[in-house]
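Hydrogens, waters and symmetry mates are skipped; everything else that's a heavy atom, side chains included, is used. Lettering of chains follows the sequences in order, A, B, ..., and the numbering in each one begins at 1.
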Amino acid sequence: MDRKKISKADLGRWLDTIAGKYELIGPTEDEGIIQFGPVQSSAELTLEYANSLIPPKSLFFPPVESLFAFRKRGEEIQLEETKPLQQDRVIFGIRNCDVGSLSLLDRVFCDDLEDSYYRERRERTTLIALACPTPPRSSCFCTTFGIDPLSPAGSDILLTDVGDVYLVDAVTDKGEELVALGEGLFAPLTEGEEKELQPPPVDMPQLDVRELRERLEALWEDEYWEKLSLPCLGCGICTYVCPTCHCFDISDVGSTSDGVRYRCWDSCMYSDFALMVSGENPRPTKRERTRNRYFHKFSTFPSRYGTGYACVGCARCLVHCPGGVEITEVIKDISAKEGVSDR
Amino acid sequence: MTANIYLPSIATVREVRPETPDTSTYVVSFDDPQLRESFAYEPGQFAELSIFGVGECPIGIASSPTREGLLEFCVRAVGTVTDALHDLEVGDKLGVRGPLGNSWPTTEIEGKDLLFIGGGIGLPPLRSLIQYVLDNRDRYGAVQIVYGARSPQDLVYKEELKEWEDLPDVDFHVTVDAGDDTWDGAVGFVPPFLKDINPSPTNKVAFTCGPPIMIKLVVEALEEMGYADADIITTLEMKMKCGVGKCGRCNIGDKYICRDGPVFSFEELRSIPGALEV
Amino acid sequence: MPKTRVGVFVCHCGNNIGGVVRVPEVVEYARTLPNVACVEDNLYTCSEEGLSSIREQIAEHGLNRVVVASCTPRTHEPLFREACEQAGLNKYLFEFVNIREHCSWVHMHDPAMATQKAKELVRMGVAKARFLEPQEEFESSVFPAALVIGGGVAGMTAALGLANQGIQVHLVERDQELGGLIREVRTLFPAGQATEEVLQPLAEQVRNHRQITVHLGSEVEDVGGFIGDFDVAVKADGQVNNLKVGAVIVATGAEELKPTGLYRYSELGNVVTQLEFEERFKRGADVPRDVVIINCVGARIPERTYCGRFCCTTAIKNAIWIKEREPEASVFVLHRDVMAYGVQIEESYRRAMELGVRFLRYDPENPPQILGDGRAEAVRVQHQLMGKEIVLPAELVVLTTPLVARDDNPRLSKMLKVPLGGEGFFLEAHLKLRPIEFSTDGVYVCGSARYPANIPESVSQAYASAAKASIPIREGVVRAEAITALCDERTCSACGNCVEVCPFGAVELQEGRFGRTAQVNPAQCKGCGCCVAACPSGAMQQSGFNDRQLLSMIGALAEEMTGGVGE
Amino acid sequence: MEDKLQELVVELLGDGAMEYFIGYRQGFEPSHVVPCFVTDKSEADRLIWGPLCLQNLSKYVLQARDLDGKVGLLVKGCDARAIVELVKQHQIERDKIVVVGVPCEGQVDPRKMEQVLGVSMEQVTDVEDAGDEFLVKVGGEVSKLGKEQVLRDKCFYCKHPTSFDYDYTLGEVQPFTIDSESEEYDAVEKLEELPLEERRAYWLKQFERCIRCNACREVCYGCYCKECIFDRTDPRWLDRTPLPRENEIYHLIRAVHLAGRCIDCGECERVCPVNIPLGRLYKKLQKDIAELFDYEAGMEYDTVPPLVDFELDDQDPFL
Amino acid sequence: MASESSDEGGNGYEPKILVFACNWCSYAGADLAGVSRLQMPANCRIIRVMCSGRVRPEFVVTALSKGLDGVLVLGCHPGECHYSEGNYFTRRRGLLLKNLLQFVGIEPERFQVRWVSASEGAKFADTVEQVTEQIRALGPNRPQGGMHSTEPGDR
């Protein structure tokens, strides 16, 4: 589908028609916190935001979700699966870094042992990405990991703000279906517009991630991790705000005769995450846990799933870490270490 | 596996056999007859057992697929879920989710001589392979079994051990760390006991499972005897939760023990940094 | 056979329970509870027939937990625990559910609600029983010796009380000779008997008793340890020696109040206290002609509210003593009330009046004034009957003051970890039921250390404390009910809350396997559980009442309500 | 001020008694200040001081427990009270830490500054202290901001910075004073005056937002238990699932554990990623503890925390 | 004597109140009320502890959050504690917890502390009566949010 445009005023109308047919989810502000949540009308949305605090990953892999309810009637036990969604959804305003994270999470949840809850939410959701404003936030570094803030890749529709209109690139059938829903509101671009209605190029500092994985893997025994983990407090913020983290815990709430099995987010940074009942812990101190987190992102995830690095440069962990452990600093330190190419 | 990888199937406890003061064997079978037939698993795989309202925990399937119908789990009461398992009586219901993980390399070791070294409650995962080998005896070479436990009543499958001892084509050895007046067999830890037996490494694959400290010493002993890393195979015991390679707990290197294991050869383990520290 | 197998025994107690609570319904309900292996109901579970049915069921079903739902554990718990023990079951694997005093007897008007309540109480009892663990009672040996602090009448009598039972006693006295406060008294009430006649034989017996080691001129420097194992450091002229004793008796007595600031006491030479009077005039000085005795000096006033109990007796005794020496002497006793209880004191009060001692009541709001400069010459007092002030000539004024607590008591109380009362005297465990012992085991008290006590009272209290102190020593072993606290040193973070909270000093922070952690001394721990409640991480737990047991009771109750919340 | 600090650290590291010095350094952007562990003299020049050094670094000294050398620490007056409590609660010996006090002229609350400036903190390249104003540099030009608009809540009633026995001080430490009509317990009293249902709704909404990332627990000096009661399985007090009722149990129990120990350093509220006003919950406790038991945490080494102490004449509404 | 509690259904709501009673005083007081046949509402369930000082605030918070309608902690009168100091701590903890629960919007009547000695059977009965009526007036302690309802608590 070729590029179209929509006026800023018509955008609201389009989203309202969508809200009539789908569950519309978009960025809203609540007590200073930007979050993605269901809205009845486009008026509740906000457009002044860089990104949400809790990533839209929470809409596919929620902080807490019920897997099934169990009830004991006499001798029998009945299990009742929980339906993940009541209605098809449209997510408006997702940034490209989060779109990129979803494709990474797909590799985890939709492998041969497919997670049906995640899969259903992914299938019944249409993504309307919103290109990041320029200049990008100074903390963002998504281009380092091949994320292009202006590309529709991975989403169904990309809207790009070029002054008084939005450029509309629908790249999938689901995207086209949505555009068809508001057919009167879109207009094709004239030749002239095609040329000058271009978003300004994104200039963002690039981190050097050449051979990051190989240099990292050489540091398994290095005492760098000891020093890096000193300010780390072992709280769970970096993993809970990270769009590519997918660790979770499963626990039963209720009694042996009546209750629910929940899945909820968990963090590899918690001291008892891998603690075994025998008392042994493969990652007993913060040093091992910090090392494990960066190895997962830059070594084990790419080698296991054959993808790029499991980081999309959204900088959420950077901004919110109370101890000031900065992933960009770690990347710089590792790439400063002697790599294969400079030997 | 049902479409929903987290949904257990309901099974009933058919038989409870106390093995040691804190370990019992639970024989279960699925309520759904259709599932009872279709539930195909390989020796060495495990399943997640659910006590609803308490939780789930991964337990190795101790029976062999060659013996139909019933699944056997050998459970020691160490944690909240295993404690709850120990409160089950015949006829009680529980959840079973699986089969999960990889399995012993039953085809690659065809024609080879086999050496099984088990320690305490490490025997059940080996037993599923031993039964499989005994039920397909002609596909495999000589069978040697070396098993040890802390004390005579800590030995599991006491009757079956006697059966194996009487089998003509099985070289069976058993020891206990500390004997008592009811015990007339060998006394001593498994690693030195194994060194005295000194089984030759030619055309042989060794399978070992038991407490980490025993595995470490057994592997050293085997290497002294000339066994190649590729021919020493074990099953790792790590903290597992989802059992389907997603919850991020049981990773060593880029492998998830619940998906790429729990069965590994020592050659694989040597290549993964930090795998052997555990 | 599942791991935990609970047996439930519901009692009818005749119709005390069965009359209101529908017991069969409770029995059926109990069968549905988790881990319940067998349920019985009996007419009287505490009868021989009931107890034997418990023993049989334990054997038959291999029960490893027993729950009895009947009356109150305060009376019948030992009985049922014994039945379990006889059947070979550890007696702490037993839980009591009260469905009589707390249920049937108080909800007679509503059998339906009473039955529902009984079911839930049984449900909570079973929930707790599932997590009971077997316990062994802690036994510690008692060192066969005792320490008596204070060599007065009380101390000496207590020492003899113990020594005569063959128990080795260490008697520690600060002064250079035995006797204590009584040495300052010349004649004793009632018959004016010379103090020496009573004191010397007692002191003789103590000095020559081969079981008693007397430490004169020495003071207790420090006391560590607990009942059966006290380490006492006694300091005598500079060097310290350490004693090991099993029990301690505090007999440090009290001292006479020197009423500085009242009635120009320290200002005028001839205004003296009763003891000073005894010292000066009973040594032969000539008896003055006009004597005024003022009672309740420094007693029953806002700063010191108590009555000195026998200072009136002393005043009467000395008034008689003066009148017998100098019949013409004019002796006035100015009092607020005369505490002349009992036989001898009433007789001597009457005798004093017969001898011409005049008793005048004064109004504490408008107390007598001492007139004269340099020397007391007269006492002006408001005569209540005559309604006007009168002036009494006085060559000597004697002030009757109460005994007050020794100022050394706080030091000793901190050492022995025993409390002091409001007035600075030692505070006994219970005024009526445990008068001569402390709540801390192994420490006893007698004589004026507890409150002003005259000789007969001191002696009887001394005998009582000796008798009490000899119990643990003669048994040789101290057994504590297994409800003591236990710290899981692996997870203890040494915050010290438990040490602060323990009323008995039973918890200390010590170096252990996991570094510096809290450690409980089971001999001292009384099982109150305050430390468990103060422990933020839950490392400290109390046997028989640990968090898991109590939380499962809460869960069982809440689960009953909302169908699905308990463990 | 910063050079005085750096010289001192170089000197302290010089004589080798100190394993490392804990201070502040520049983060990935000028307005982002993070903790810094200086192990070697050469790194001393990274240490900075200013109104954006918000973290309470005291908890990091616990990591030095099993080191043989000492640990140096830069600390504001309000945060130093955590050292007193840590020593009082037997977590570390006082002589194991070299405490460097710094005169503090009030700190910036980034969220307030963003509202006032209308621009995100990224744009702010420098904040300097100037008497009762802050000089804020945004994209080149400098503007003056009255401190009372952007000050952290706890700075309005800065008390007791002088009560600590510092080993060194960088200049004269005394309480920062600012005349403002807001009283210390305003926010608490405002909540107390709400009718019960409104308060109930208010707090349930807060507890519902909690994602149980445990940051408030991990950042708090008072939460140093080897194994937290919430991580125990025998019994399981709390499920890990962030359901509203579970979150409420978590926050109320943590509050009770900190009663009489919380020193009001404000870190739990600052690090909370979902802006739960935890400060109000703990301020309420401080108010009650002060009123009921006349006690303030972190003042003296030898006083006994209120909940493990008692007076015979304590208030007794339960007769 | 406790009044004969008429229990005409009302809206049929019967509050469920958890009571902690200390073994030496309040539990004995409850026994005495039983022996004296003092009738009282049947909404209280007693858990026996050795001392009121054993009741940790976590029990109260958990009980109220799990939906129980009220928690009543009974102990000896200050100065009469069998362990001499136990109830002083209960007093301080009770004071603080009462204020905290009220601050987060839980009705004050839902958590109460009372001193009942072994000889005060009547006072025990009156306390049970009074607390039960107070809590009955408040209505059920509705537990909100995903705790009990099995509808998924996901967002």
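Contact of B:S50 with chain A is made through backbone and side chain together, with heavy-atom distances under 4.5 Å. Neither the backbone nor the side chain of A:R119 has a heavy atom closer than 4.5 Å to any heavy atom of chain B.
Inspection of the A:S303 and B:D254 side chains reveals an N or O donor paired with an N or O acceptor under 3.5 Å. Using modelled atom types, one finds a donor on one side chain and an acceptor on the other under 3.5 Å when comparing B:N251 with A:N292.
Within residues 257-266 of chain B, the residues having any heavy atom closer than 4.5 Å to a heavy atom of chain A are B:R259, B:D260, listed by residue number.
Residue with the most contacts toward chain B among A:F273, A:F295, A:F109: A:F273 (heavy-atom pairs, distance under 4.5 Å). Between chain B and the residues A:E81, A:R304, A:E75, the most heavy-atom pairs under 4.5 angstrom are made by A:R304. Note: A:C247 leads A:C245, A:C247, A:S116 in heavy-atom pairs under 4.5 Å with chain B. Ranked by non-hydrogen atom pairs under 4.5 Å with chain B, the options A:D111, A:I77, A:L67, A:V277 are led by A:I77.
Checked against salt bridge (Lys or Arg N to Asp or Glu O under 4.0 Å), B:E108 has no partners two or more places apart in sequence or in another chain. For the salt bridge (Lys or Arg N to Asp or Glu O under 4.0 Å) test, no residue two or more places apart in sequence or in another chain qualifies with B:R14. Qualifying ring pair (Phe, Tyr, Trp, His ring centres under 6.0 Å) partners for A:Y117, counting only residues two or more places apart in sequence or in other chains: none.
Ion pairing between B:K241 and A:D249 holds under the 4.0 Å rule for side-chain N and carboxylate O. The pair B:K239-A:E280 does not count as a salt bridge, with every side-chain nitrogen at least 4.0 angstrom from each carboxylate oxygen. The pair A:D266-B:R249 counts as a salt bridge, with a side-chain nitrogen and a carboxylate oxygen less than 4.0 angstrom apart.
Checking side-chain atoms of A:H246 against main-chain N and O of B:C247 turns up no donor-acceptor pair under 3.5 Å.
A distance of 5.5 Å separates CZ in B:F52 from CZ in A:R261, rounded to the nearest 0.5 Å.
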Self-check item: Trace of the side chain to side chain contact (heavy atoms under 4.5 Å, CB included) decision for B:K246 with A:Y118
Solution: CA-CA 12 Å; B:K246 298 191 174 37; A:Y118 178 88; over 6 Å; no
